[in-house]
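A quick write-up on the structure given underneath.
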Amino acid sequence: MAQAEIRDDHLTDYERAICYYTLPKLNNPVTFGLIVAYAVCLFEALGVLVVGALRNNSTWIAAGLIATAAIVLFGIVVFLVRAFLTELRRRRALAEAQGVPDHSDSFQDFDLPDPFASHILLKHPASAPQHLFACTEDDATIRYFVESVPGENWWRIKSVQDTEVCRVRSLLGPRPFAFNSGRPRKLGVYLEDRELATIERPFGFALPSVEIVHRDPAIPRYAIRNSGIYVDDRLVGRLYELRNSYYLDVENAHFHPGVLAYYATLT
């Protein structure tokens with residue numbers, strides 16, 4: 001296969017294990033319960049302010065203003081501290097992996113199963129302003145090219161032989177006020193005139209998730225939550241970012257067009 005002209009930093013076995021198993025446990029996402037509790041406190045403070053204004057009661061107005069300002073400031077501090085601690089734990093875990101040599105051979109030496117033996121590992125630039133970029137293996141071997149159409153919501157995924165693997169189309173734009181970085185709510189995956197899969201971000205108040213449904217009934221439904229790719233709550237792969245590259249680390253048996261299409265549109 002073709003080789004990329006510039007090889008990015010190699011992902012060591014230890015770094016891969018950290019990204020796959022450790023970092024997701026360090027994430028401290030804002031839960032729905034915490035949001036509800038914070039909203040209740042904020043509405044109560046605003047309620048005091050409104051009642052004070054309606055009754056023209058300066059004491060209630062002052063109390064409402066102070067309570068509202070205090071709750072807003074407290075929320076900002078708490079959420080910033082949570083984000084800072086999560087990033088600090090992440091950096092520490094990755095720092096421990098720097099400079100640690102690969103241990104692939106040690107699995108055979110000690111007759112231990114390689115946890116990634118049945119996985120495929122791909123990466124592409126996290127920031128890809130160009131309209132064409134490569135998805136490579138970790139040794140810089142090019143597996144696919146991803147081409148976006150300027151001014152249109154289309155992506156084309158092609159092999160190194162310039163054969164179309166699939167096309168991805170945005171069917172619904174970003175949902176307003178959603179924490180998804182402006183990504184489409186729904187994508188369609190096609191090969192020629194045939195729809196292969198749909199990728200959808202269902203609306204809900206729980207943590208953001210993605211559902212991938214293939215038209216082939218033999219292919220299971222996939223759910224992506226907190227960087228993990230799941231089939232019936234069983235982890236089969238992960239998506240993670242390291243050194244300005246997005247990685248797809250998934251079991252070979254679950255490397256289907258919908259999974260590849262979703263990964264290719266993460267830029």
Side-chain angles (χ1 to χ4, degrees), residues 1-5 118-175 178 180-203 208-225 227-232 234 236-239 245-267:
M1 291 185 180
Q3 294 287 131
E5 293 182 3
S118 61
H119 280 226
I120 182 171
L121 180 67
L122 296 178
K123 68 178 177 181
H124 70 65
S127 300
Q130 304 87 357
H131 298 301
L132 180 68
F133 61 89
C135 291
T136 69
E137 297 179 3
D138 196 44
D139 63 357
T141 300
I142 298 176
R143 290 287 300 269
Y144 304 100
F145 288 104
V146 179
E147 177 187 10
S148 60
V149 181
E152 299 182 20
N153 295 320
W154 280 95
W155 295 263
R156 291 189 179 92
I157 304 175
K158 302 182 293 184
S159 69
V160 293
Q161 292 81 20
D162 202 34
T163 301
E164 185 173 277
V165 177
C166 63
R167 288 175 291 117
V168 190
R169 181 183 180 183
S170 175
L171 302 178
L172 289 175
R175 180 175 285 110
N180 57 16
S181 303
R183 289 171 181 161
R185 280 177 285 171
K186 188 173 183 179
L187 297 167
V189 185
Y190 305 89
L191 181 59
E192 298 177 348
D193 297 329
R194 182 165 53 97
E195 185 181 63
L196 301 180
T198 56
I199 304 169
E200 190 167 4
R201 299 174 184 273
F203 177 78
S209 63
V210 175
E211 293 182 356
I212 302 176
V213 180
H214 289 83
R215 291 292 172 256
D216 185 348
I219 301 177
R221 178 190 295 261
Y222 293 91
I224 301 177
R225 304 186 301 269
S227 80
I229 305 173
Y230 295 89
V231 174
D232 296 330
R234 186 178 80 84
V236 299
R238 283 206 185 276
L239 298 152
S245 291
Y246 277 127
Y247 286 85
L248 171 63
D249 197 343
V250 65
E251 296 176 10
N252 276 297
H254 297 283
F255 185 61
H256 295 296
V259 176
L260 173 61
Y262 176 74
Y263 165 68
T265 59
L266 294 179
T267 56

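Every value quoted in this text rests on a predicted model; they were computed, and no experiment measured them. Any value given below was found using the heavy atoms of this structure, including those in side chains, with hydrogens, waters and symmetry copies removed.
- Under a 3.5 Å cut-off, the side chain of Asn252 and the backbone N or O of Ser118 do form a donor-acceptor pair.
- Taken from OG1 in Thr163 to NZ in Lys158, the straight-line distance is 10.0 Å, to the nearest 0.5 Å.
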Next on the checklist: I'd like to know whether His124 forms a side-chain contact (heavy atoms from CB on, under 4.5 Å) with Val146, so could you lay out the CA-CA distance, the side-chain angles of the two residues, the decisive distance to 0.1 Å, and finally the verdict.
Outcome noted: CA-CA 9 Å; His124 70 65; Val146 179; 6.0 Å; no

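- Contact between Pro220 and Val231 at its shortest, heavy atoms only, is CB-CG1, 3.7 Å.
- With rounding to the nearest 0.5 angstrom, the CD atom of Glu164 is 9.5 Å from the CD atom of Glu147.
- A pairwise comparison of heavy atoms in Ala264 and Phe133 identifies O-CZ, 3.5 Å as the closest pair.
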Which donor-acceptor pairs under 3.5 Å do the side chains of residues 188-195 make with protein atoms, sequence neighbours left out?
residue, atom, partner, partner atom, Å
Glu195, OE1, Arg215, NE, 2.7
Glu195, OE1, Arg215, NH2, 2.9

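- The heavy-atom pair separating Cys135 from Tyr263 by the smallest distance is SG-CE2, 4.0 Å.
- You'll find the side chain of Tyr246 stays beyond 4.5 Å of the side chain of Leu239, heavy atoms only.
- Atom CD1 of Ile212 is separated from atom CG of Leu187 by 9.5 Å, given to the nearest 0.5 angstrom.
- With contacts defined as side-chain heavy-atom distances shorter than 4.5 Å, the pair Lys123/Leu121 does not qualify.
- Across all their heavy atoms, Pro125 and Ala134 have their closest contact at CD-O, 3.9 Å.
- Ring geometry, Tyr222 versus His214: the interplanar angle exceeds 60°, so the pair is classed perpendicular (tilted spans 30 to 60°).
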Next on the checklist: One pair to check against side-chain contact (heavy atoms from CB on, under 4.5 Å): His256 and Asp216. What are the steps and the verdict?
Outcome noted: CA-CA 10 Å; His256 295 296; Asp216 185 348; over 6 Å; no

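- Residues Ile229 and Leu248 form a side-chain contact, since some pair of their non-hydrogen atoms from C-beta on lies under 4.5 Å apart.
- To the nearest 0.5 Å, the span separating CZ on Arg225 from CD on Glu211 amounts to 9.5 Å.
- Summarising the geometry, atom CD1 belonging to Ile199 is positioned 7.5 Å from atom CD1 belonging to Ile224; distances are rounded to the nearest 0.5 Å.
- Nearest heavy-atom pair across Ala261 and Ile157 is CA-CD1, 3.9 Å.
- The line from CD1 of Ile142 to CG of Leu122 is 12.0 Å long, rounded to the nearest 0.5 Å.
- The shortest non-hydrogen separation linking Ser159 to Val165 is N-CG2, 3.8 Å.
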